[in-house]
Structure formats: structure tokens, C-alpha cells
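This report concerns only the one structure given below.
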Number of protein chains: 2
Amino acid sequence: MAGDFRRAHRSAPVADGMEKPEGGEASPDIGTRLRELRKMHGLSQRELAKRAGVTNGTISLIEQNRISPSIGSLKKVLDGFPMSIADFLTLDLKPRSRVFYEAKELREIAGGDVSFRLVGRDTRGRAIQMMHERYTPGADTGDEMLSHAGEECGIVISGVLELTVGGEVRRLVAGDAYYFDSRLPHRFRNPGTIDCVIVSACTPPSF
Amino acid sequence: MAGDFRRAHRSAPVADGMEKPEGGEASPDIGTRLRELRKMHGLSQRELAKRAGVTNGTISLIEQNRISPSIGSLKKVLDGFPMSIADFLTLDLKPRSRVFYEAKELREIAGGDVSFRLVGRDTRGRAIQMMHERYTPGADTGDEMLSHAGEECGIVISGVLELTVGGEVRRLVAGDAYYFDSRLPHRFRNPGTIDCVIVSACTPPSF
DNA sequence: CGGAAGCGTTTAGTATTCTAGACAAATGGC
DNA sequence: GCCATTTGTCTAGAATACTAAACGCTTCCG
């Protein structure tokens with residue numbers, strides 16, 4: 001009988017009513033999603049709480065799935081990144097198929113006098129726009145961690161590039177490249193003593 | 001810190017923290033969305049509440065934006081349709097310009113022996129293109145075997161249809177149907193002595 | 001070794017959501 | 001008309017989310 005069941009005492013996971021998306025969606029729970037996203041942005045619970053206008057305790061409880069936040073609260077929390085609830089729920093945390101490519105992995109498209117070397121193994125379903133960028137020593141895009149819909153990639157031409165994507169940091173040198181979902185927080189920095197030149201590409205619907 | 005601000009008394013709209021989606025998304029509030037979606041499904045508050053496992057009062061309060069439902073509650077409510085939260089938030093509620101079309105309103109696309117009458121005036125933004133087709137005796141789409149990406153299907157309403165798909169020929173009579181990949185070469189012909197009428201659909205729209 | 005600062009967690013108390021039930025208005029037989 | 005049903009709304013109380021403040025832990029300096 002369903003009679004008088006009692007909710008578990010405090011301290012028990014609530015996780016209730018969220019666990020069977022019916023479809024084989026297999027997406028992580030809200031708490032785990034939030035925690036991973038927060039760490040990708042390199043924020044502590046308190047930092048995020050301050051930005052969002054909630055208390056750190058709330059962040060903690062949500063991340064543990066001890067409470068099911070209200071739409072309003074979740075919106076406030078996500079505004080700290082910022083990110084919409086829909087993007088939050090549909091963002092793909094796991095696959096991250098491939099982010100970094102070594103120089104030798106770039107595929108040569110055109111040969112001879114002109115050399116076009118393709119970033120990524122498969123361009124299908126990728127609509128990209130390229131740019132040429134130069135970073136002076138110490139230059140930094142800041143830890144603002146801009147996030148816009150789309151994808152972006154690039155190749156380091158000369159110098160050294162320190163690239164942070166979703167909490168993962170990597171030093172790239174001439175010939176190395178990157179490719180990631182622009183919604184993941186990212187940061188470019190030139191940690192070297194000479195200019196860093198890269199060719200990058202991104203996809204807003206700008207062309 | 002925001003010191004001691006007080007939430008509005010009961011009975012005042014809460015609508016808090018949800019009103020600036022930052023992007024020019026201009027999406028309706030949660031309550032209005034839910035109400036419209038519910039009515040689109042032809043459900044009363046109580047019916048939906050019963051399906052969702054919540055009370056009708058909750059539905060009412062949410063639709064009036066008097067409360068900001070928890071993720072768990074909203075999920076339960078949407079399960080009554082069913083629909084995911086992400087889909088719910090991104091759903092386009094803009095007035096579908098037209099829903100119903102009278103027979104005379106179907107736009108004639110082809111003339112002569114073959115008549116194609118399109119459901120809806122504009123296929124842009126629609127995933128499916130449906131047509132009411134009529135073939136006079138002997139009418140034939142020709143053996144050019146056009147092929148376009150997508151899929152198409154249909155049901156024979158009256159008369160006889162000789163359908164050729166990828167080299168396979170078949171005679172279909174009223175009630176019979178077909179479904180094939182549009183990339184396969186195909187041909188329609190009326191081998192009978194009376195008109196052949198069919199209703200077809202294909203995706204994506206090719207005109 | 002302090003001890004100050006930062007971290008995530010937990011707790012007591014308050015604010016909010018949610019339920020159960022009642023209410024008035026609208027609808028549909030008969 | 002009149003009763004029965006259905007509708008959306010509202011209210012008191014139970015259940016839950018959220019805040020403010022504390023706790024234990026680690027790290028980093030002097």
C-alpha cells in the first residue's frame with residue numbers, strides 16, 4: 001500500500017520524480033550536472049553562490065541532490081555562468097569526443113604550393129569560420145569564460161598557447177590544434193616570451 | 001548583500017528571477033507556457049494533475065505564476081503530456097499561422113494530368129510536406145526517376161496506382177500505402193481507367 | 001607551530017511550495 | 001427550472017526549499 005509512506009529523514013537523497021525520463025536519455029541528474037559545470041568554470045560553491053545571489057549551502061544541497069530546486073532558483077544559479085536552463089539540461093557533458101589534436105594528426109586537404117590542413121578528423125556537420133589571431137606575451141582573454149552557442153577551433157602558428165577548456169588546461173605549441181563546443185567555458189593565454197600566433201575558427205551564424 | 005527584502009505577500013505574482021532570458025528570446029513565462037500547452041492537449045487542470053500525480057491546485061498556481069515550481073514538480077507535471085523540461089522551455093508557442101485548411105484552399109502545384117495540391121501555403125519551417133494528388137488515367141510522372149534526400153509515404157484513396165521504387169514495381173489499390181527513401185529512384189503512374197487519388201507526405205519539403 | 005583563509009558540508013529556522021478540501025461560476029442533461 | 005458535473009480558483013496546514021551560521025577539513029604563510 002502506498003498509505004502513509006514518509007519521506008526519508010533529512011540527509012537522504014530526494015532524487016524523486018526525476019529519475020525516469022522514459023526515453024533512454026540517460027542524462028546525469030541535476031546535481032551532478034551542476035557540479036561538473038561549476039568545476040568546468042573553475043568556481044567554488046561560494047563564488048557561484050555570490051554571483052547567483054543564493055547561499056553556498058543551497059549550491060551544496062542541489063549538487064548532492066538533497067533538494068529539487070525551484071525553477072526560479074535554478075535559473076538564478078545558472079545565471080551565474082550564465083547559461084539557460086534548456087542549455088543546462090541538454091548540454092552534453094560526457095562524450096567530448098575529441099578536443100586536442102597533435103600537429104601530426106591534422107589532415108592535409110590541399111597539397112603542393114598551397115597547404116590546407118584540416119582540424120579534426122571529420123568535418124561533417126561542422127560549419128566553421130576561421131580567423132587569424134596574435135597574442136603578445138602574457139596576453140589573456142581573462143577568466144570570464146565566455147560561452148556562446150556554436151563550436152570553435154584553431155591552430156597555433158608560432159609561440160605557445162595555454163588553453164583552458166572546461167577545466168582542462170593544456171599547453172599547445174606550433175602545429176598543435178584544438179576543437180571544442182563553445183558552450184564550454186574557455187580561456188586563451190600566452191604564457192611565453194614571444195608572440196603567439198594562431199589561426200582559429202568559430203561558428204556563430206555570422207556568415 | 002540584498003539585506004532584508006521581503007517577498008510579496010501571498011496572492012502576488014512571484015515571477016521572480018525568470019524574466020530576463022538575456023538573449024532576445026522573448027519566451028513566455030512558465031505559467032503561460034504550461035497553460036497553453038495544456039489547452040493544446042485538450043486537458044483540464046484536474047485531468048493533467050491526475051496524470052502527473054499532483055493536485056489541480058498546483059497546476060492552477062503554476063499557471064498563474066503564483067509559485068515557481070521545483071524542478072521535480074515541473075518534471076512530474078510535464079510527464080503528464082509527456083514532454084521534457086528542455087523541450088518545454090524551448091517549445092515554440094508562436095501562433096502556427098494556420099492549422100486548418102479547406103479543400104479549396106490547397107494550393108495547386110502541378111496542372112494537367114497530374115494534380116498536386118499542397119496542404120498549407122508555405123512549407124518553410126515545416127518538417128513535413130503533405131499533398132493531395134490526383135492522376136488521370138494514364139497519367140505518369142515520367143521515368144526520369146527523380147531522387148531527392150528525405151523520405152516519403154502515402155495512401156491510395158481511390159483508383160489504382162502503379163508505383164516503381166528502385167526497380168521494384170507494384171500495383172496499389174485503395175487503402176494500400178507506401179513508404180520509401182526519396183533517394184531511391186521512383187515513378188508514379190495510373191494504369192487504370194478512372195482517376196487515381198492518393199494522399200502523400202514527404203520530408204523535408206522539396207519545393 | 002599558530003592561524004587565517006578557503007573549501008564543502010551540515011543544521012536550525014524561515015520562506016516557499018504543495019496538498020487536501022471547499023467555493024463559485026459555467027455547462028449539460030432531463 | 002433544477003440537479004449533477006466540470007471547471008478554475010482560493011485557503012489552511014503539511015511538506016519542502018532556502019538562508020544564515022556554524023562545523024570540520026585542507027592549504028598556505030609567517
Side-chain angles (χ1 to χ4, degrees), chain A residues 2-18 29-32 34-80 85 143 167, chain B residues 1-18 29-32 34-39 41-80 85:
Chain A
D4 55 341
F5 78 105
R6 261 217 136 58
R7 237 25 183 275
H9 284 130
R10 285 166 165 252
S11 296
V14 59
D16 199 300
M18 295 296 301
D29 55 279
I30 300 286
T32 304
L34 179 59
R35 174 156 295 177
E36 292 189 13
L37 185 61
R38 175 175 61 80
K39 289 188 171 171
M40 282 182 178
H41 282 257
L43 299 175
S44 70
Q45 290 181 345
R46 282 166 217 264
E47 283 179 82
L48 175 57
K50 196 163 72 178
R51 291 196 193 185
V54 300
T55 61
N56 61 303
T58 300
I59 305 287
S60 177
L61 293 171
I62 293 174
E63 290 187 354
Q64 293 172 281
N65 286 310
R66 299 260 300 274
I67 63 178
S68 176
S70 74
I71 292 289
S73 303
L74 183 57
K75 180 68 168 59
K76 280 204 291 185
V77 171
L78 294 179
D79 279 345
I85 295 181
D143 45 24
Chain B
M1 298 302 252
D4 57 340
F5 79 104
R6 257 214 145 55
R7 231 36 177 267
H9 284 131
R10 284 170 166 252
S11 295
V14 59
D16 200 299
M18 293 297 300
D29 54 282
I30 301 285
T32 304
L34 179 59
R35 174 156 296 177
E36 293 190 14
L37 185 61
R38 175 174 63 79
K39 290 189 170 170
H41 283 255
L43 298 175
S44 70
Q45 289 182 347
R46 282 164 217 265
E47 282 181 86
L48 176 57
K50 195 164 73 176
R51 291 195 193 185
V54 301
T55 61
N56 61 304
T58 300
I59 306 287
S60 178
L61 293 172
I62 293 175
E63 290 186 352
Q64 294 171 280
N65 286 310
R66 301 260 301 274
I67 63 178
S68 176
S70 74
I71 291 288
S73 302
L74 183 56
K75 180 67 168 60
K76 279 203 293 185
V77 171
L78 294 178
D79 279 346
I85 295 182

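Reminder, nothing fancy here: chain letters follow the sequence lines and each chain counts from 1. Every heavy atom of this structure was used, including side-chain atoms; hydrogens, water molecules and symmetry mates were not.
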- Item | Touch class at under 4.0 angstrom, heavy-atom based, for B/S60 against every strand present | base
- Query: Between C/dT17, D/dC18, D/dA21, which nucleotide has the shortest distance from any of its atoms to the side chain of B/S68?
  - Reply: C/dT17
- Take the protein atom NZ of B/K76 and the nucleotide atom C1' of D/dA15, then report the distance between them rounded to whole Å. 11 Å
- Query: Rounded to the nearest Å, what distance is computed from the CD1 atom of residue B/I67 to the P atom of nucleotide C/dA15?
  - Reply: 18 Å
- Does OP1 or OP2 of C/dG8 have a side-chain N or O of A/R38 closer than 4.0 Å? yes
- Would you classify A/S70 as touching base, sugar-phosphate or nothing, given that sugar-phosphate means primed atoms plus P, OP1 and OP2, and contacts are heavy atoms under 4.0 Å? sugar-phosphate
- Rounding to 0.5 Å, atoms CG (B/L43) and CG (B/L48) come to a distance of 6.0 Å
- Taking CG from B/L61 and C1' from D/dG13, how many angstroms apart are they, rounded to a whole number? 14 Å
- Message: Under 4.0 Å between a side-chain nitrogen and a carboxylate oxygen: does that hold for B/E47 and B/R38?
- Response: no
- Out of D/dT19, C/dT19, C/dT17, which has the shortest distance to the side chain of B/T55? C/dT19
- Message: Could you tell me how far apart A/I59 (CD1) and C/dT10 (C1') are, to the nearest whole angstrom?
- Response: 16 Å
- Item | Protein-nucleotide distance (A/N56, atom CG; C/dT10, atom C1'), rounded to Å | 11 Å
- Under the 3.5 Å rule, do the base of D/dG8 and the side chain of B/R46 count as making a donor-acceptor pair? yes
- Task: State, with a plain yes or no, whether a side-chain heavy atom of B/R35 is found less than 4.5 Å away from one of B/Q45.
- Result: yes
- Item | Listed nucleotide nearest any side-chain atom of A/P69, set D/dT9, D/dC18, C/dC18 | D/dC18
- Query: Does one side chain, of B/T32 or B/E36, offer a donor that lies under 3.5 Å from an acceptor on the other?
  - Reply: no
- Which part of the nucleic acid, if any, lies within contact of A/S44, taking any heavy atom under 4.0 Å across all strands shown: a base, the sugar-phosphate backbone alone, or nothing? sugar-phosphate
- The nucleotide from C/dT9, D/dC10, D/dG8 with an atom nearest the side chain of B/Q64 is D/dC10
- Query: Which one, C/dG8, D/dC18, C/dT19, comes nearest to the side chain of A/Q45?
  - Reply: C/dG8
- Query: Which value, rounded to the nearest 0.5 Å, describes the distance between A/K75 atom NZ and B/I30 atom CD1?
  - Reply: 10.0 Å
- Query: Could you give the CD1-to-C1' distance, from B/I71 to D/dA17, as a whole number of Å?
  - Reply: 13 Å
- Compare side-chain N and O positions of B/R66 against OP1 and OP2 of D/dG8 and report whether any pair is under 4.0 Å apart. no
- Note on the structure: Here the distance between atom P of D/dT9 and atom CG of B/N65, to the nearest Å, is 12 Å
- Message: What is the separation between atom CD1 on A/I62 and atom C1' on D/dT19, rounded to the nearest whole Å?
- Response: 13 Å
